[in-house]
Amino acid sequence: LMKLPNLKITRHLSDKVYDYLEEQILTGALEIGARLPTEPELSKGFGVSRTVIREAIQKLKAQGLVISKVGNGSFVANDPMAQIKKVFSHYRQIYANKQAILDYVRLRTIIEVECMSIVGREQNPECMQALEDIVEKMGKETSDVDEFARLDMDFHLTMAAYVGNIMFQAILEPLKEFSARTGLLDAQRPDFHLRRQETWEEHRKLLDLLKQGRIEEATSFFRDRMRRTIELFGGEEEQTEKVSELAGA
């Protein structure tokens, strides 16, 4: 049994337990695949209730650092992106900060342009087919806004996945939630049907350019699309209210 510090009673006991276990995982003291002590063992070792332990474990799971196996307990997750995702997942806490979103969109543009260049050069058949499947699903008429938003981001995350750069995937991952929240608000707009059609057409064009090896045209088209996104969030007063809505969605 690993040596555990006895914690003083505070309002945030679960945070203290979480912080300690997180440090043990991130420093490698608890190795990938290692089984965590049981709830009773952790409760006794830390000198806190099992409820506190459960709350801490749940936080570790939410960050992708720990997984649970029914009947076997909790284990350190085998996810090379867990630590990186943890950092960028905090971004959702500042969605009300318009400048932060704009900075993130600019960072995303740099990363995705590189991904597209690689995908266009390599012409990996599996990657192209995966992207084709996503675009086909986006083109089908559906009232499921959540599904459409997910497909939108899956298109970009799929490219990052086939490029094989862990950092690229981890940085883009938090955009899933932002995309979903944006979709929920867009569904309430009277022109949502037209905007969805436009989004599908943009993805269709982008994929066709990549499949034809017209990389410069594809990246130029994407840069222009992201530039319009920046103008949308940065240039209209109503977007400030929209961003605030996203924070509370």
Side-chain angles (χ1 to χ4, degrees), residues 95 98 101-163 165 168-169 171-236 238-239 242-243 246 249:
Y95 276 150
K98 183 169 67 173
I101 295 176
L102 295 176
D103 289 344
Y104 201 78
V105 170
R106 293 184 180 100
L107 176 60
R108 172 191 169 185
T109 301
I110 294 171
I111 292 173
E112 292 208 51
V113 164
E114 178 64 16
C115 287
M116 289 174 196
S117 298
I118 296 173
V119 168
R121 287 197 306 270
E122 293 186 347
Q123 292 292 315
N124 183 312
E126 291 184 7
C127 177
M128 292 301 182
Q129 186 58 55
L131 294 173
E132 183 66 45
D133 291 343
I134 292 171
V135 171
E136 285 187 10
K137 290 178 182 178
M138 290 180 71
K140 294 180 180 178
E141 188 65 31
T142 174
S143 59
D144 192 332
V145 179
D146 289 337
E147 175 69 6
F148 187 83
R150 183 187 66 77
L151 288 169
D152 186 349
M153 274 313 302
D154 279 352
F155 179 87
H156 303 280
L157 290 171
T158 296
M159 280 195 290
Y162 275 94
V163 167
N165 188 308
F168 286 179
Q169 296 176 64
I171 291 172
L172 294 178
E173 187 74 24
L175 285 174
K176 273 188 174 181
E177 183 175 343
F178 181 62
S179 178
R181 290 182 177 184
T182 304
L184 289 174
L185 291 178
D186 281 347
Q188 301 170 14
R189 297 170 62 109
D191 63 343
F192 173 69
H193 176 77
L194 295 176
R195 293 191 65 192
R196 180 172 59 186
Q197 178 67 18
E198 179 183 359
T199 300
W200 171 75
E201 290 175 354
E202 289 174 345
H203 284 73
R204 178 73 271 170
K205 179 177 180 179
L206 186 58
L207 178 56
D208 286 344
L209 288 173
L210 289 174
K211 291 172 75 173
Q212 294 166 22
R214 296 158 65 183
I215 301 172
E216 187 172 340
E217 290 178 62
T219 55
S220 177
F221 175 72
F222 179 73
R223 284 195 188 94
D224 181 65
R225 179 172 176 265
M226 298 308 290
R227 184 160 43 246
R228 285 188 283 121
T229 298
I230 291 173
E231 291 172 354
L232 180 67
F233 275 98
E236 298 180 16
E238 66 183 50
Q239 292 306 316
K242 179 175 181 179
V243 173
L246 291 175

Requested in this report: Could you pull out the closest heavy-atom pair between F155 and V135, with the gap in Å?
Outcome: CE1-CG2, 3.6 Å
Query raised in the report: Are the charged groups of R225 and E198 less than 4.0 angstrom apart, N to O?
Result: no
Requested in this report: Report yes if some heavy atom in the side chain of D208 is under 4.5 Å from a heavy atom in the side chain of R214; otherwise report no.
Outcome: no
Query - Flag side-chain contact, heavy atom, 4.5 Å: D152 against T199 - result: yes
Requested in this report: May I ask you to test the H156-R108 pair for a side-chain heavy-atom distance under 4.5 Å?
Outcome: yes
Query raised in the report: Which atoms form the tightest heavy-atom contact between Y162 and E126, and what is the distance?
Result: OH-O, 3.7 Å
Query - Pairwise side-chain contact, K137 with R150, heavy-atom cut-off 4.5 Å (strictly under) - result: no
**Report entry** Close side-chain approach of H203 to I134, heavy-atom, < 4.5 Å
**Finding:** no
Report task. Work out which heavy atom in I215 is nearest to a heavy atom in G120; give both atom names and the distance. Result -> CD1-C, 3.6 Å
Query raised in the report: In Å, rounded to the nearest 0.5 Å, how long is the span from CZ of R121 to CG of L210?
Result: 11.5 Å
Query - Heavy-atom closest contact (A218 atom, L206 atom, distance) - result: O-CD1, 3.4 Å
Query raised in the report: Between atom CG of L207 and atom CE of M128, what is the distance when rounded to the nearest 0.5 Å?
Result: 6.5 Å
Report task. Taking all heavy atoms of C127 and all of V119, pick out the closest pair and write down the distance. Result -> SG-CG1, 4.0 Å
**Report entry** Trace of the side-chain hydrogen bond (donor to acceptor under 3.5 Å, both in side chains) decision for Q129 with D133
**Finding:** CA-CA 6 Å; Q129 186 58 55; D133 291 343; 2.8 Å; yes
Query raised in the report: With a 4.5 Å limit on heavy-atom distance, are the side chains of E114 and T219 in contact?
Result: no
Query raised in the report: What distance do L157 atom CG and F168 atom CZ have between them, rounded to the nearest 0.5 Å?
Result: 13.0 Å
Requested in this report: For residues E202 and F221, determine if any side-chain heavy atom of one lies less than 4.5 Å from a side-chain heavy atom of the other.
Outcome: yes
Requested in this report: Please examine the side chains of R227 and T109, heavy atoms only from C-beta on, and report whether any two atoms are closer than 4.5 Å.
Outcome: no
Query raised in the report: Under the side chain to side chain contact (heavy atoms under 4.5 Å, CB included) criterion, do E112 and L172 qualify, and how do the steps go?
Result: CA-CA 9 Å; E112 292 208 51; L172 294 178; 4.1 Å; yes
**Report entry** Rounded distance (nearest 0.5 Å) linking atom CZ of R204 with atom CD of Q197
**Finding:** 12.5 Å
Query raised in the report: Distance-only, no hydrogens or angles: does the S220 side chain make a donor-acceptor pair with backbone N or O of E216 under 3.5 Å?
Result: no
Report summary line: Looking only at heavy atoms, the pair that brings Q123 and K211 closest together is OE1-O, 3.3 Å
